[in-house]
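Nothing here was measured: the structure is a model prediction, and the numbers come from that model. No hydrogens, no waters, no symmetry mates; every other heavy atom, side chains included, goes into these values.
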Amino acid sequence: KALEYLFQALKINQELGGAFFISRTMNSIGVLYKYMNENEKSFEYIKESYRYEKLYSKYSKSKTLNTLAIAFRNIGEIDSAIYFTSFNFG
């Protein structure tokens with residue numbers, strides 16, 4: 001049911017055009033897919049959320065980069081996970 005509500009929220013956010021909220025909702029969908037062990041779907045939504053991410057705050061960008069690194073790790077792309085993790089230390 002949570003996934004259904006997130007997709008409804010995503011549709012509304014896309015209609016309103018708020019990139020920040022689109023990014024956060026896509027990130028939440030990706031995290032939920034991760035908990036459902038659907039790592040490919042998780043990765044796609046988290047990657048797409050980063051595309052919408054703007055420089056709203058260092059915290060927001062850092063959180064998205066960290067989630068993206070975890071998604072890369074979950075699909076077995078360790079080098080990419082390390083690469084995205086390094087942004088949080090640079």
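- Residues Leu16 and Phe21 form no side-chain contact, since every pair of their non-hydrogen atoms from C-beta on lies 4.5 Å or further apart.
- Glu48 contributes atom CD, which lies 12.0 Å from atom CD1 of Ile46 (distance to the nearest 0.5 angstrom).
- Going from atom CD of Glu77 over to atom CZ of Phe43 covers 5.5 Å, rounded to the nearest 0.5 Å.
- Ile29 contributes atom CD1, which lies 8.5 Å from atom CG of Leu32 (distance to the nearest 0.5 angstrom).
- Two residues are said to be in side-chain contact when any heavy atoms from C-beta on lie closer than 4.5 Å; Lys11 and Gln8 fail this criterion.
- With hydrogens and angles ignored, the 3.5 Å screen pairs a side-chain donor or acceptor of Ser23 with a backbone N or O of Ser49.
- Between the OG atom of Ser80 and the CD1 atom of Ile75 there is a distance of 7.5 Å, given to the nearest 0.5 Å.
- In terms of heavy-atom proximity, Gln14 sits nearest to Ile22 at CA-CD1, 3.8 Å.
- Residues Tyr45 and Phe7 bring their aromatic ring centres within 6.0 Å.
- Linking Ile, Leu, Val, Met, Phe, Trp and Tyr whenever their side-chain heavy atoms come within less than 4.5 Å puts Met26 and Met36 in one cluster.
- The shortest non-hydrogen separation linking Ala69 to Ala81 is O-CB, 3.3 Å.
- Between Asn74 and Asn39, the shortest heavy-atom distance links the atoms O-ND2, 3.4 Å.
- A salt bridge does not link Glu44 to Lys41: none of the charged nitrogens lies less than 4.0 Å from a carboxylate oxygen.
- Atoms NZ and CD1, on Lys34 and Ile70 in that order, are 5.5 Å from each other to the nearest 0.5 Å.
- Here the closest heavy-atom approach between residue Ser42 and residue Gly30 is recorded as OG-O, 2.8 Å.
- Between Tyr50 and Asn27 the shortest side-chain heavy-atom distance does not fall below 4.5 Å.
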Please test Phe72 against Ile78 for side chain to side chain contact (heavy atoms under 4.5 Å, CB included), starting from the C-alpha separation and ending with a verdict. CA-CA 7 Å; Phe72 271 116; Ile78 304 304; over 6 Å; no
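- With hydrogens and angles disregarded, a donor-acceptor distance shorter than 3.5 Å links the side chain of Ser28 to the backbone of Arg24.
- No side-chain heavy atom of Leu6 sits under 4.5 Å from any side-chain heavy atom of Leu10.
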